[in-house]
Structure formats: C-alpha cells, structure tokens
Amino acid sequence: MDGNGRWATRRGLPRAAGHRAGAQAVRRVVEAAPGLGARGLTLFAFSADNWKRPPGEVAALMRLFARHLRTETPKLVERGVRLDVVGRRDRLPAPLVASIAAAERATRDGAELRLRLAVDYSARWAISAGVLLPDVDLLVRTGGERRLSDFLLWESAYAELVFTDVMWPDFTAADLAAAIAEFHARQRRFGALPEAAAG
Ligand code: IPE
Ligand code: MG
C-alpha cells in the first residue's frame, strides 16, 4: 500500500488525510478479494523502516490502525475474514497492541479470507526470527515504485510481480481484478518446462 502521502500532497491535503483515504481503500480491497478468488491477502501497512518518519505522522498512523481495527472487526467477523497482524509488537503503543489482540481473537474462526496486516514488519527480521508465511502467488505494489522494500522476501521467491502507478487511496476493486487477471495470464513454470514441452 504505497502512495498515500503523495495522493494527499497532490490535493493540497496533509499526509494524514492520505492515510485515512488509504484506509478506505483497504476496506474496498478486503471486501472484493474473496469474490475475485483470493483466499489470502497480506497488506504492508507499516514497515520497520517507517519509524524514520516524523513522530506526528507515525502517531497518526498508529491511532488510525487502532481505530480501524476496532470499527472494522465486527464487519470482518460478519464476512468470515480472519485477521492476523504480522511483525514486531514490542515497539507498538500499548492501546494498539490491545486492539490487535482483540481483533485477532474476535476473527479467529473466519474461513473466507485470511487477512494479514503487516505492521512494524521487516522481511529480513522475519527471516532471521524464523517467522515465515505461506508462499506469495501475486505481489502488487502501488504508487509507482518498482521495488520490494523488505516485504515478504522469502515468501516471494516465485511471486508474480505487478507494479502499478495507481496511488493506494485510488486503488479499487477493479484494479485488484486487473492485477489478478494479469496473474492468470502469466505462465508459471517454477523452473520446470511448460507442460506442452515437458513430454
Ligand atoms: C502509505 O503510503 C504507506 C505507509 C507507510 C502507511 P506512503 O505514506 O508511503 O505514501 P507516499 O509514498 O509518501 O506517497
Ligand atoms: Mg511510500
């Protein structure tokens, strides 16, 4: 989820307004994902390197996470979405840690979609700590950058990469559908030969 700040700046708004709009995009994508055939969705919300941002922006993000976890949890339960937050928790504000624990507990029986929110996440840290997730099939980066920025490095060994210039707050269900269509149009060989040539 990249591009919140630029989305806001281009509109003459504070960066926090971009993060709020980004949270609406999260809601849209989570709603759309199961209908598009996705059983799992991992969103990179806050990287271990995002602590380098100004304290005011970091604090606004932490409050936004906590608030959205509280307001969205009943809807997640209703839709059968199981939420897990991945990343370090020891550096997060205590109220946020409590909101995370409550949301995970409330949604643990959800079987329609496994939603993972990466907060204070670093793939290098996760690899060194041995906390690995399932392999990634499709990795979508918004906001025009063409890099992985320490996200799911191990799990993306054979991920199909899709880069889009769309800023995250503008990302819609149709954008997700387009990325998934591109994924299905690709031939995945995992180092082997295509079936037709394999004999
Ligand atoms: C959202 O986009 C991702 C977060 C770290 C919350 P950015 O905040 O990186 O937005 P840009 O890249 O400055 O536009
Ligand atoms: Mg960014």
Side-chain angles (χ1 to χ4, degrees), residues 1-33 38 40-73 76 81 83-97 99-100 103-104 115-126 133 136 138-153 155-156 159 161-176 178-179:
M1 307 194 282
D2 194 19
N4 293 354
R6 282 165 288 163
W7 180 93
T9 303
R10 283 173 194 175
R11 286 163 176 75
L13 299 169
R15 291 178 58 85
H19 295 314
R20 285 195 296 274
Q24 305 305 315
V26 170
R27 187 180 288 149
R28 290 196 296 270
V29 164
V30 169
E31 277 180 29
L41 179 68
T42 304
L43 300 170
F44 202 1
F46 190 87
S47 101
D49 288 314
N50 288 147
W51 295 110
K52 296 170 188 165
R53 294 188 180 195
E57 178 168 345
V58 170
L61 279 166
M62 295 297 151
R63 284 195 301 271
L64 188 70
F65 294 148
R67 190 165 68 239
H68 272 260
L69 285 173
R70 283 193 296 271
T71 59
E72 295 301 307
T73 293
L76 297 180
V81 179
L83 175 80
D84 294 293
V85 175
V86 298
R88 287 179 63 168
R89 295 198 191 180
D90 57 309
R91 304 190 289 193
L92 301 178
L96 175 56
V97 175
S99 300
I100 290 170
E104 288 177 333
L115 173 64
R116 295 185 178 88
L117 195 64
V119 178
D120 197 4
Y121 176 85
S122 153
R124 287 176 167 176
W125 169 83
L133 299 174
V136 173
L138 167 64
L139 187 146
V140 181
R141 180 164 186 158
T142 60
E145 314 290 2
R146 268 76 174 151
R147 55 176 170 257
L148 298 185
S149 300
D150 204 11
F151 187 51
L152 299 175
L153 299 179
E155 296 88 342
S156 296
L161 308 179
V162 170
F163 297 101
T164 167
D165 293 335
V166 174
M167 297 291 141
W168 176 253
D170 289 327
F171 197 80
T172 62
D175 292 312
L176 180 63

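Here, residue 1 is the first one in the sequence, and each next residue gets the next number. Just follow the structure's listing: the first ligand is 1, and inside any ligand the first atom is 1. In what follows, every heavy atom counts, from backbone to side chain, and hydrogens, waters and symmetry copies are set aside.
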Regarding Arg116 and Glu155, does a basic nitrogen lie under 4.0 Å from an acidic carboxylate oxygen? no
Which N, O or S atom name in Asp2 marks its closest approach to the Mg ion (ligand 2)?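 The Asp2 atom nearest to the Mg ion (ligand 2), restricting to N, O or S, is OD1.
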For ligand 1, list the protein residues that place a heavy atom within a distance below 4.0 Å of one of its atoms, sorted by chain and number. Met1, Asp2, Gly3, Asn4, Gly5, Arg6, Arg15, His19, Ala45, Asn50, Arg53, Leu61
Parallel, tilted or perpendicular: which fits the ring planes of Phe44 and Tyr121, with parallel below 30° and perpendicular above 60°? perpendicular
Return yes when atom CZ of Arg27 has more than 12 non-hydrogen atoms of other residues, nucleotides or ligands closer than 6.0 Å, and no otherwise.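 Yes, enclosed.
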State whether the side chain of Ser122 and the backbone N or O of Trp125 hold a donor-acceptor pair below 3.5 Å, judged by distance alone.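 Pair found, side chain donor or acceptor close to backbone of Trp125.
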Hey, what do you get for CE (Met167) to OG1 (Thr142), rounding to the nearest 0.5 Å?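 Reported value, rounded in 0.5 Å steps: 7.5 Å.
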If you take all heavy atoms of Gly144 and Asp165, which pair is closest and at what distance? CA-OD1, 3.3 Å
